[in-house]
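Computed from a predicted model, the values in this text were never measured in an experiment. Proteins get letters first, then strands, A, B, ... in listed order; numbering begins at 1 in each.
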Amino acid sequence: NAGVTQTPKFQVLKTGQSMTLQCAQDMNHEYMSWYRQDPGMGLRLIHYSVGEGTTAKGEVPDGYNVSRLKKQNFLLGLESAAPSQTSVYFCASSYSGQGGKLFFGSGTQLSVL
Amino acid sequence: DAKTTQPNSMESNEEEPVHLPCNHSTISGTDYIHWYRQLPSQGPEYVIHGLTSNVNNRMASLAIAEDRKSSTLILHRATLRDAAVYYCILREGAGGTSYGKLTFGQGTILTVHP
């Protein structure tokens, strides 16, 4: 099993450009989420999804949009990138329920110039 | 959202046990306690989780207070590879209003000395 796969691993954008970060899981998990992690900081929840076709806002949703058209994929979009969005982005997935343990991807390093 | 409180940092010597505390005084009856760790330049990885009873697995043990307002992650013999940031989080059941909103906080930076 590949687990949780994030693409790309690295990306450099100019201010105002748009892009989509992709997350795919092959574990048939209902729950998926996106986090960002700034240097020396903890993880902050951007958006999450408890099932196909549903999404919800996390702690820091502004400037991001998400879509969950297929159960195995959770896309994070930046419509107009800003330098403040320079960060490492992690995708995570799990089975439903409070016992479901999170599986994380290896991260996407995004720099916005 | 239920919150957790952890010390910013802790230190240990190699081969010694490490007890990482976590306070979660607002925990509800159906919240599970999860622990994750993040090695340098990697994504977080699952360590252990529990509800009421103490739990053991190959990585660590989890001791949960009787009133469930605190828990302790125990690494029985720390190695240099255990140096990481350790996060304690609470996870609601699927019917909870904050079920999907898993917040991580700052975690505890564990330094292991040779």
Side-chain angles (χ1 to χ4, degrees), chain A residues 2-7 9-10 21 23 25 27 29-52 54-61 66 68 74 87-109, chain B residues 1-9 22 24 27-53 55 57 59-60 62 68 84-109:
Chain A
V4 179
T5 303
Q6 290 184 232
T7 54
K9 293 189 183 302
F10 302 94
L21 305 185
C23 177
Q25 51 91 7
M27 297 171 281
H29 286 166
E30 296 85 2
Y31 176 86
M32 297 186 75
S33 56
W34 277 103
Y35 291 87
R36 63 175 287 175
Q37 186 171 38
D38 300 330
M41 303 291 286
L43 296 149
R44 291 187 292 170
L45 181 65
I46 306 172
H47 286 281
Y48 63 95
S49 169
V50 299
E52 181 179 329
T54 70
T55 63
K57 295 180 180 180
E59 303 169 271
V60 288
V66 287
R68 184 100 183 266
F74 195 33
S87 190
V88 179
Y89 291 83
F90 290 102
C91 177
S93 72
S94 78
Y95 286 115
S96 292
Q98 64 267 55
K101 57 186 182 184
L102 289 169
F103 291 81
F104 284 83
S106 58
T108 295
Q109 172 71 62
Chain B
D1 298 342
K3 300 295 184 185
T4 62
T5 304
Q6 300 176 251
N8 289 332
S9 62
C22 181
H24 27 79
I27 191 171
S28 74
T30 59
D31 288 346
Y32 270 67
I33 303 158
H34 284 238
W35 283 82
Y36 293 82
R37 73 179 186 181
Q38 187 174 21
L39 303 172
S41 302
Q42 294 188 25
E45 63 175 350
Y46 167 82
V47 177
I48 200 166
H49 76 280
L51 182 62
T52 56
S53 302
V55 184
N57 66 20
M59 290 180 69
L62 176 61
R68 302 211 324 125
V85 180
Y86 286 79
Y87 297 98
C88 165
I89 69 169
L90 301 180
R91 182 155 208 189
E92 282 190 11
T97 57
S98 297
Y99 159 63
K101 218 167 185 177
L102 295 170
T103 55
F104 271 73
Q106 297 295 311
T108 297
I109 300 171

Exercise. From F104(A) CZ over to Q42(B) CD, what is the distance, rounded to the nearest 0.5 angstrom?
Worked result: 13.0 Å

For this session: Please look at Q37(A) and chain B and tell me whether the side chain, the backbone, both or neither of the residue comes under 4.5 angstrom of a heavy atom of that chain.
Result: side chain

Exercise. Got a second to check how far L102(B)'s CG is from Y31(A)'s OH, nearest 0.5 Å?
Worked result: 4.0 Å

Exercise. Going by atom types alone, do S94(A) and R91(B) pair a side-chain donor with an acceptor below 3.5 Å?
Worked result: yes

For this session: Please identify each residue that fulfils ring pair (Phe, Tyr, Trp, His ring centres under 6.0 Å) with Y87(B), with sequence neighbours left out.
Result: F104(B)

Seminar exercise, completed: Hits for ring pair (Phe, Tyr, Trp, His ring centres under 6.0 Å) against Y46(B), two or more places apart or cross-chain, chain-then-number order -> Y36(B), H49(B)

Exercise. Considering only heavy atoms, which portion of Y35(A) lies under 4.5 Å from any heavy atom of chain B: side chain, backbone, both, or neither?
Worked result: side chain

Problem set entry | Distance (rounded to the nearest 0.5 Å) between T103(B) OG1 and R44(A) CZ | 12.5 Å

Problem set entry | Per-residue contact mode, L102(A) against chain B (heavy atom under 4.5 angstrom) | both

Exercise. Taking all non-hydrogen atoms of both residues, which atom of F90(A) and which atom of G43(B) are closest, and how far apart?
Worked result: CE2-CA, 3.3 Å

